[in-house]
2 protein chains.
Amino acid sequence: MLSKKTKYAFHALTYLGKHRDQKTILIHDIAEEYGISHKFLENILLELKKAGVLGSKKGKGGGYYLIKEPKDIPLSKVIRLLDGPIALLPCVSLNYYEPCVECKNEAACGLRSVMIQVRDEMLNVLENKTLADILDRE
Amino acid sequence: MLSKKTKYAFHALTYLGKHRDQKTILIHDIAEEYGISHKFLENILLELKKAGVLGSKKGKGGGYYLIKEPKDIPLSKVIRLLDGPIALLPCVSLNYYEPCVECKNEAACGLRSVMIQVRDEMLNVLENKTLADILDRE
DNA sequence: GTAAACTCTATAATTATTATAGGGAATTAG
DNA sequence: CTAATTCCCTATAATAATTATAGAGTTTAC
C-alpha cells in the first residue's frame, strides 16, 4: 500500500495541476482542501521541490507551483520519492536494490523471478502514466 | 514491499513443496534452512494451516505438509493471508476495500482509476502464478 | 521594517511489524 | 500409563516505520 505521504503528494500535485493558471499556491490551501495537516504537507512539498518536481517562491504572494508539465511527471517518480521501492522484494528493485539476507542463490530463486514479472507489470503502468492522466480524469 | 511474514511463508511453502515425498516436515527444519526464528515461523505456519493451505500432525513424527497441490496455491492467496491487500490504495482493494477518508467522489478520482490498472496488472501475475511456478524454477 | 510564506532540522506520538514466551493439547513409543 | 515430542494458542515485549508537531531560520513584497 502507498503511504499517506505518497497519497498526499498525489493530491497536492493534482491540486497544483488543476490550478496552473495561478502563479503560486499556498500549502495552506492544499492542506485545507484535503484535510491534511499543514506541517505534514509542508515536508512533502519540500521533498517534491528538492526532487525538481515543484518550484516555490518565498514571502508574501509566494507558494508552490509545478515546474514541469504534468505529462512529464510519471507516477513512478512520485512513489519512489516518497515511499521508496515499487517492487515487492528488495532483490528485484531497480532503484533500491538490496539482496535478501536469507537467499543463497539469487539467480535460482523461484520467488524472485515471479516478482520480477510483477515489478515489470507495475512499472509498465506507473512509468507510463503521468500526472496528466490523473488530471484528465478529474 | 512484502513483509517478512509473507516472504517467510513463501520460503516455507517452497521447502514443503520440495520435500513432498516426506509425510511431514518439522518447523525446526524450515526455520534452520532459512535462518528464521522458530517461534516466528510457527505463527506463520499456523496461519497457513488455518487458511487451509497446510495440514499438520502433532506428536512424535508430526509436522506440517502441503494439503493442496502447488498448482492450486496462487501467490495472491499467500500475500493476502499474511500481508493483507495487494492493491496500492484501500479504495481499489478487492478483498480489503476501504474508502479514502479525504476522497469526495471516488468514481471521479483520477488517481484511483490508475491504481485500478496497477492492481489488475499485479493480479494478472499473482493470481495466475502459483507455488508450482516457484518450484519449477528452483 | 514587518508580515507573509517557504526552509530546515529535530523530535514526539502513534502504529505496524517482528520477535519472544510459555503453558496447553494431541500423538507416539516404550 | 508415562514421558517425550510436536504442534496450538494467546499474550506481550521489542523494534522499526510512519505520521505528526514544533519552532527557529530565510526570503520577499510592500
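Naming: A, B, ... by sequence-line order, numbering from 1 per chain. Just the heavy atoms: all of them, side chains too, but no hydrogens, waters or symmetry mates, feed the values below.
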Under 3.5 Å, is there a donor on one side chain and an acceptor on the other for Lys71(A) and Thr130(A)?
no

Whole Å only: how far is the NZ atom of Lys4(B) from the C1' atom of dT20(C)?
14 Å

Where the side chain of Leu26(B) is concerned, which of dT28(D), dT20(C), dC7(D) is the nearest nucleotide?
dC7(D)

dC8(C) P sits how many Å from Phe40(A) CZ, rounded?
18 Å

Any donor-acceptor N/O pair under 3.5 Å between dT21(D) base and Asn43(A) side chain
yes

If you look at every strand shown and take non-hydrogen atoms under 4.0 Å, does Lys7(B) touch a base, only sugar-phosphate, or nothing?
nothing

Just how far, in rounded Å, is C1' of dC6(C) from CD1 of Ile44(A)?
15 Å

With a 4.0 Å cutoff (strictly under), does any side-chain N or O of Lys57(B) reach OP1 or OP2 of dT28(C)?
yes

Does a side-chain N or O from Ser37(A) land closer than 4.0 Å to OP1 or OP2 of dT21(D), or not?
yes

Given dC7(D), dT5(D), dT21(D), the nucleotide with the shortest approach to the side chain of Lys60(B)
dT5(D)

Under 4.0 Å, heavy atoms only, any strand: does Ile25(B) hit a base, just the sugar-phosphate, or nothing?
sugar-phosphate

With a 4.0 Å cut-off, would you call Glu127(A) and Arg80(A) a salt bridge?
yes

Nearest whole angstrom, please: distance from the P of dT20(C) to the NZ of Lys39(B).
11 Å

Return no unless some side-chain N or O of Ser56(A) is found under 4.0 Å from OP1 or OP2 of dA5(C).
no

Which comes earlier along DNA chain D counting from the 5' end, the contact point of Gly63(B) or that of Lys5(A), where each point is its nearest nucleotide?
Gly63(B)

Under 4.0 angstrom between Lys49(A) side-chain N/O and dT7(C) OP1 or OP2
yes

May I ask you to decide whether Glu47(B) forms a salt bridge with Lys50(B), counting only side-chain N to carboxylate O separations under 4.0 Å?
no

Apply ring-ring contact (aromatic ring centres under 6.0 Å, His included) to His11(A) and Tyr15(A), showing your working.
CA-CA 6 Å; His11(A) 286 326; Tyr15(A) 191 92; over 10 Å; no

Distance, rounded to the nearest Å, where Glu47(A) contributes CD and dT19(D) contributes C1'
13 Å

Touch check for Leu45(B), heavy atoms < 4.0 angstrom, all strands: base, sugar-phosphate only, or nothing?
nothing

Spacing of Lys50(A) atom NZ relative to dT9(C) atom P, expressed in whole Å
6 Å

Taking atom C1' of dA17(D) as reference, at what distance in whole Å does atom CG of Leu82(A) sit?
15 Å

Base, sugar-phosphate, or nothing for Leu41(B), non-hydrogen atoms under 4.0 angstrom?
nothing

How close or far is atom P of dT5(D) from atom OH of Tyr64(B), stated in whole angstroms?
18 Å

Closest of dC9(D), dT6(D), dG23(D) to the Glu42(A) side chain is dG23(D)

Answer with yes or no whether the side chains of Lys57(A) and Thr24(A) bring together a donor and an acceptor at under 3.5 Å.
no

If the cut-off is 4.0 Å, is Tyr8(B) near the phosphate of dT17(C), judged by side-chain N/O to OP1 or OP2?
no

Pi-cation contact, Tyr34(B) with Lys104(A) (under 6.0 Å, within 45°):
yes

